[in-house]
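Just so it is clear, the structure is predicted and the values come from calculations on it, not from any experiment.
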Amino acid sequence: VNDIKYSTYQSLRNTLAKQKSHALTRAVNLIAFVEIEEHLIFGHRISKHMGGLYLPPAGFSDHEGKVSEDYFIELSRNEIEEEIGIKVDESKIKYAGLSSGEDSRNITVITYTKIDKNIDEVEEAFLK
């Protein structure tokens, strides 16, 4: 688990662009693994897209131009707060990796954070 600076992503993006097997767009996909009490938080999807699956908080962002060094931290925090309903200490969000499928022109940023809440507190926040 490493830092999550946007410059790290840009460096990787430049490397992949030289390989001509990857092309990145402005849309950034994000998956945020959130741990509480030695468990990961997953939500049950009921929408048509990926419905019936249990998935971690996730989303995407279409950015324009320059973004801050802490862009992925901000994106991760926003997704966690939006989907779970809890505030996250940004200093605890860590970069875990990148992923891309063969049919995707986008890279998915994967983050990890451990929060100091118990299962009941998370469940209560989620239901609000």
Side-chain angles (χ1 to χ4, degrees):
V1 178
N2 300 305
D3 71 39
I4 185 167
K5 297 296 182 187
Y6 187 70
S7 58
T8 304
Y9 167 77
Q10 288 293 17
S11 177
L12 177 65
R13 180 180 177 184
N14 291 336
T15 300
L16 292 175
K18 292 175 190 171
Q19 294 179 5
K20 297 187 179 18
S21 62
H22 293 80
L24 303 182
T25 65
R26 291 179 310 147
V28 174
N29 302 313
L30 175 98
I31 298 173
F33 287 101
V34 181
E35 180 181 354
I36 57 167
E37 298 181 331
E38 299 181 11
H39 298 282
L40 294 177
I41 297 175
F42 288 82
H44 186 252
R45 301 252 332 168
I46 57 173
S47 65
K48 288 183 180 181
H49 178 68
M50 301 176 92
L53 298 176
Y54 288 89
L55 300 170
F60 67 93
S61 172
D62 186 14
H63 59 87
E64 297 281 341
K66 292 183 178 181
V67 296
S68 73
E69 280 286 301
D70 295 328
Y71 176 68
F72 295 137
I73 291 172
E74 294 164 9
L75 184 58
S76 189
R77 183 200 67 233
N78 291 343
E79 285 302 322
I80 293 167
E81 290 179 6
E82 176 185 307
E83 294 196 17
I84 301 174
I86 56 173
K87 300 273 185 211
V88 177
D89 180 351
E90 287 186 358
S91 69
K92 293 185 178 184
I93 298 173
K94 303 295 180 193
Y95 165 78
L98 297 170
S99 175
S100 179
E102 291 179 14
D103 62 342
S104 175
R105 292 178 11 133
N106 299 324
I107 281 186
T108 299
V109 176
I110 303 167
T111 63
Y112 165 84
T113 188
K114 186 170 184 172
I115 56 174
D116 298 325
K117 301 264 185 216
N118 64 42
I119 292 171
D120 292 333
E121 290 171 311
V122 172
E123 190 73 27
E124 182 180 325
F126 179 75
L127 294 174
K128 285 184 181 180

Smallest separation among heavy atoms of G85 and A125, with atom names: O-CB, 3.6 Å
Which heavy atom of F72 sits nearest a heavy atom of L30, and at what distance? O-CD1, 4.5 Å
Hey, does [Y] have a side-chain heavy atom less than 4.5 Å from the side chain of [X]?
X	Y	value
I115	V122	yes
P57	I84	yes
V34	P56	no

Qualifying residues under ring-ring contact (aromatic ring centres under 6.0 Å, His included), relative to F42, sequence neighbours excluded: none
Just to verify, what does H39 make a ring-ring contact (aromatic ring centres under 6.0 Å, His included) with, not counting sequence neighbours? none
Can you name the residues that form a side-chain hydrogen bond (donor to acceptor under 3.5 Å, both in side chains) with [X], not counting sequence neighbours?
X	value
E74	S68
N78	none
E124	none

Could you work out, with side-chain contact (heavy atoms from CB on, under 4.5 Å) as the rule, every residue matching E81, not counting sequence neighbours? R77, K87
Go through the structure and list residues passing side-chain contact (heavy atoms from CB on, under 4.5 Å) with F126, not counting sequence neighbours. none
Interatomic distance, CG@L55 vs NE2@H44, rounded to 0.5 Å, equals 9.0 Å
Rounded at 0.5 Å granularity, tell me how far CD1 in I80 sits from OG1 in T111. 5.5 Å
Applying side-chain hydrogen bond (donor to acceptor under 3.5 Å, both in side chains), which residue pairs with at least one partner in residues 113-122 are found, sequence neighbours left out? K92-D116
Counting neighbours of CD1 on I46 that are heavy atoms of other residues, nucleotides or ligands and sit closer than 6.0 Å, is the number greater than 12? no
